Amino acid sequence: MTFPGAVADRETAAYALVGAPLDVSTSFRPGTRFGPRRVRDFGEQFDDFDHHTGRHFTDLGVYDHGDVGPSADTAEYLTYLESAISEFDRDGAVPLLVGGEHTVTVAAVRALDPDVFVCTDAHLDLRDSYAGDDLSHATVTHHALSVADRAVVLGARTGSEAEWERASERDVTVVPPEDVADWTPDFEGERAYCSVDIDAADPGFAPGTGTPEPFGLSPRELRDVVRAVAPHAVGFDVVEVNDRDDGQAATLAAKLLRAFVFAHADA
């Protein structure tokens with residue numbers, strides 16, 4: 001199935017949704033390979049009309065490319081995914097990536113070359129490697145900083161001692177959960193990339209994720225972040241949804257993707 005409300009014509013698309021069901025480095029509860037399918041499925045229920053912007057989703061030109069299936073080699077897969085995202089960017093369609101584990105974000109950041117990487121995440125993801133894997137889902141912000149000038153991590157509440165030390169450097173801003181509601185972007189013309197790791201949400205709202213971490217963000221706080229970043233963003237993703245709940249995480253992910261599109265189109 002395609003994402004509900006998606007258009008059939010790739011040539012006129014303003015947004016391009018790409019599923020990336022990578023599920024190789026999840027360190028606790030696997031299942032992110034089912035994320036794109038579940039986000040599409042649980043996005044079926046929403047009304048076409050958005051009262052906040054006065055727009056209809058079906059008028060906004062979202063094309064669903066389907067899934068880019070992973071290969072056995074993660075580095076090779078990221079290169080292929082990067083090429084697909086770059087092609088949509090060249091064609092003038094804003095990429096919308098649906099994971100899959102958070103590692104897929106690396107491909108999008110490499111393709112789009114943002115100035116600032118903005119991420120909602122329970123974890124800092126600043127490790128050089130994890131369990132011997134330098135493309136682990138726990139290394140995403142580390143890799144993003146090889147491209148972007150700086151990173152803003154909203155909702156982080158756990159990490160290794162070395163990660164917290166790295167996060168204290170000038171090119172990283174960490175906004176703890178209790179301060180996210182008061183955060184506003186200060187991008188001053190910078191090109192942003194917006195990544196939503198669904199585990200930024202408190203697991204009471206989105207239990208279907210690989211490494212749930214208590215004391216997280218509310219859905220409303222996540223929505224407000226997405227709306228605030230969208231006007232500055234060259235791309236968006238929502239990742240780390242798995243099949244280990246009754247659809248709470250996928251429902252939230254689908255709604256956040258729609259919130260991004262509405263806010264970006266309305267900017």
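Numbers here are sequence positions counted from 1. If you're wondering where the values come from, they're calculated on a predicted model, not measured in any experiment.
Contact annotation: the side chain of Leu135 never approaches that of Ser25 to less than 4.5 Å [non-hydrogen atoms, C-beta and beyond]. Side-chain contact between Val226 and Phe236: present, with at least one pair of heavy atoms (C-beta onward) separated by less than 4.5 Å. Residues Thr2 and Tyr63 form no side-chain contact, since every pair of their non-hydrogen atoms from C-beta on lies 4.5 Å or further apart. Residues Arg223 and Lys255 are not in side-chain contact: their nearest non-hydrogen atoms beyond the backbone lie 4.5 Å or more apart. Contact check for Leu97 versus Leu81: side-chain heavy atoms found under the 4.5 Å cut-off. You'll find the side chain of Pro30 stays beyond 4.5 Å of the side chain of Asn242, heavy atoms only. Between Thr209 and Pro203 there is no side-chain heavy-atom pair separated by less than 4.5 Å. Between Arg110 and Val106, the closest side-chain pair of non-hydrogen atoms falls below 4.5 Å.
A distance of 10.0 Å separates CG in Leu256 from CZ in Arg227, rounded to the nearest 0.5 Å. The distance from atom CZ of Arg166 to atom CG of Leu124, rounded to the nearest 0.5 Å, is 11.0 Å. Atom CZ of Arg90 is separated from atom CD1 of Ile85 by 11.5 Å, given to the nearest 0.5 angstrom.
Open room surrounds CD on Glu188; 12 or fewer heavy atoms of other groups in view lie less than 6.0 Å from it. The number of heavy atoms from other shown groups lying within 6.0 Å of OH (Tyr130) does not exceed 12.
Checking each of Thr251, Asp245, Asp243 against Arg38 for a side-chain hydrogen bond (donor to acceptor under 3.5 Å, both in side chains) leaves exactly one that passes, namely Asp245. Among the candidates Phe187, Tyr193, Phe260, the single residue satisfying the ring pair (Phe, Tyr, Trp, His ring centres under 6.0 Å) test with His232 is Phe187.
Remark: Arg258 qualifies as a cation-pi partner of Phe57 under the 6.0 Å distance and 45° angle criteria applied to the six-membered ring.
With hydrogens and angles left out, the side-chain atoms of Asp125 and Thr141 include no donor and acceptor closer than 3.5 Å. Side-chain N/O atoms of Asp121 and His102 include a donor and acceptor closer than 3.5 Å.
Using a 4.0 Å cut-off between charged side-chain N and carboxylate O, Asp67 and Arg40 make a salt bridge. Under a 4.0 Å N-O distance rule, the pair Asp186/Arg150 qualifies as a salt bridge.
With Asp91 contributing its side chain and Ala93 its backbone, the two residues share no donor-acceptor pair below 3.5 Å.
Annotation for Pro212 and Phe28: closest pair CD-CD2, 4.2 Å, computed over non-hydrogen atoms. Annotation for Leu217 and Leu154: closest pair CD1-O, 4.3 Å, computed over non-hydrogen atoms.
Follow the hydrophobic side-chain contacts under 4.5 Å out from Val241 and you reach Leu96 in the same cluster.
Remark: aromatic rings of His65 and Phe88 are close, center separation under 6.0 Å.
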### Query
How far apart are the C-alpha atoms of Val104 and Asp237, what are their side-chain angles, what is the distance that settles it, and do they pass the side chain to side chain contact (heavy atoms under 4.5 Å, CB included) test?
CA-CA 9 Å; Val104 302; Asp237 68 56; 5.9 Å; no
